[in-house]
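What follows is a short report on a single structure.
What you see below is based on every heavy atom in this structure, not just the backbone, and it leaves out hydrogens, waters and symmetry mates. Every number for a ligand or one of its atoms is a count from 1 in the order of the listing.
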Amino acid sequence: MNEKARVAVMVSGGGTNLQAILDAEKAGTIRSGEVVLVISSSSKAYALERAKLAGIDAYAVTKKKYGTLEKIEEKVVSLLQEYRIDLIVLAGFLTVLSPDFTARYPRRILNIHPSLIPSFSGDGFYGLRVHEEALKRGVKITGATVHFVNEITDGGEIIDQKAVNVLPGDTPEILQKRVMEEAEWVLLPKAVESVSQEILNLRAAL
Ligand code: GAR
């Protein structure tokens with residue numbers, strides 16, 4: 001039988017996007033890839049708990065323990081090799097990876113970003129901050145983007161986007177939740193399946 005694409009998910013926080021991927025795997029909407037590794041930049045991330053509950057090996061690779069980005073990435077690369085990872089998914093991973101790291105995995109790192117790129121993206125735009133800025137600017141439509149990761153923050157090729165309405169009375173927290181529910185948790189599993197499928201197709205053609 002054909003082995004599925006082996007997926008690593010990198011996280012920093014609550015891990016709802018990780019959960020959406022795990023749920024899609026269980027539901028069979030992701031069938032070409034399987035999550036075999038979770039790496040967190042924080043030892044306190046609830047995402048680690050979600051990985052544990054799903055029986056997936058999970059590691060915290062923190063600044064506190066490893067000191068520099070270089071050492072962090074060294075450890076991440078060794079885990080990716082050990083687990084023979086085909087596809088890396090940044091699901092709320094809030095450390096900006098170095099150009100050396102991203103150059104190792106062209107079209108093999110996905111990221112979910114909580115806005116319609118290029119709006120509210122790039123260095124400093126992450127998490128709730130993105131929604132605060134969207135509300136400040138008064139946009140009526142926002143959304144989420146899934147894209148490949150390259151050396152430019154949020155600058156890689158766009159894979160898919162989904163628009164979400166901003167409604168009167170929205171707070172950053174309310175808007176964040178709507179963008180997650182309506183866009184992120186839909187887009188990310190779908191992209192994981194399509195890129196995993198592409199990896200399997202390339203493998204079959206060899
Ligand atoms: C998500 O909204 C994700 O789009 C965002 O962090 C949140 C993580 O939530 N990522 C970025 O802002 C990346 N620039 P989660 O841990 O519950 O998946």
Practice item. Verify the distance criterion only: is there a donor paired with an acceptor across the side chains of Glu151 and Thr102 at less than 3.5 Å? Key: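 No - no donor-acceptor pair under 3.5 Å links their side chains.
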
Check your understanding: Is it the case that Ser115 and Thr142 place a side-chain donor and acceptor less than 3.5 Å from each other?
Key -> no

Ionic contact status for [Y] with [X], cut-off 4.0 Å:
X: Glu173; Y: Arg178; result: no
X: Arg107; Y: Glu157; result: yes
X: Asp86; Y: Arg108; result: no
X: Arg137; Y: Glu133; result: no

Review point. Which of these, Leu18, Val11, Thr16, has its nearest heavy atom closest to atom 15 (P) of ligand 1?
Key: Thr16

Are any of the N or O atoms of [X] closer than 3.5 Å to those of ligand 1?
X: Asn17; answer: yes
X: His113; answer: yes
X: Asn111; answer: no
X: Gly13; answer: no

Practice item. Identify the protein heavy atom lying closest to atom 16 (O) of ligand 1, giving its residue, its atom name and the separation to 0.1 Å. Key: Gly15 N, 2.8 Å

Revision key, fill the gap. protein heavy-atom neighbour closest to atom 11 (C) of ligand 1 works out as Pro114 CD, 3.6 Å

Review point. Got more than 12 heavy atoms from elsewhere within 6.0 Å of NZ, Lys190?
Key: no

Review point. Counting only heavy atoms not in Glu49, do more than 12 sit closer than 6.0 Å to its CD atom?
Key: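 Above 12, so yes.
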
List ligand 1 atoms under 4.0 Å from [X], heavy atoms only on the residue side.
X: Glu184; answer: 1 (C), 2 (O), 3 (C), 4 (O)
X: Gly92; answer: 6 (O), 8 (C), 10 (N)
X: Met180; answer: 1 (C), 2 (O), 9 (O), 17 (O)
X: Phe125; answer: 14 (N)
X: Gly127; answer: 11 (C), 12 (O)
X: Ile112; answer: 4 (O), 10 (N), 13 (C)

Review point. Considering only heavy atoms, does Phe93 approach ligand 1 within less than 4.0 Å through its side chain, its backbone, both, or neither?
Key: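 Neither; no heavy atom under 4.0 Å.
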
Review point. Do the side chains of Tyr105 and Val76 join up, straight or via other hydrophobic residues, at under 4.5 Å, putting them in one cluster?
Key: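 Yes; Val76 is reachable from Tyr105 via cluster members.
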
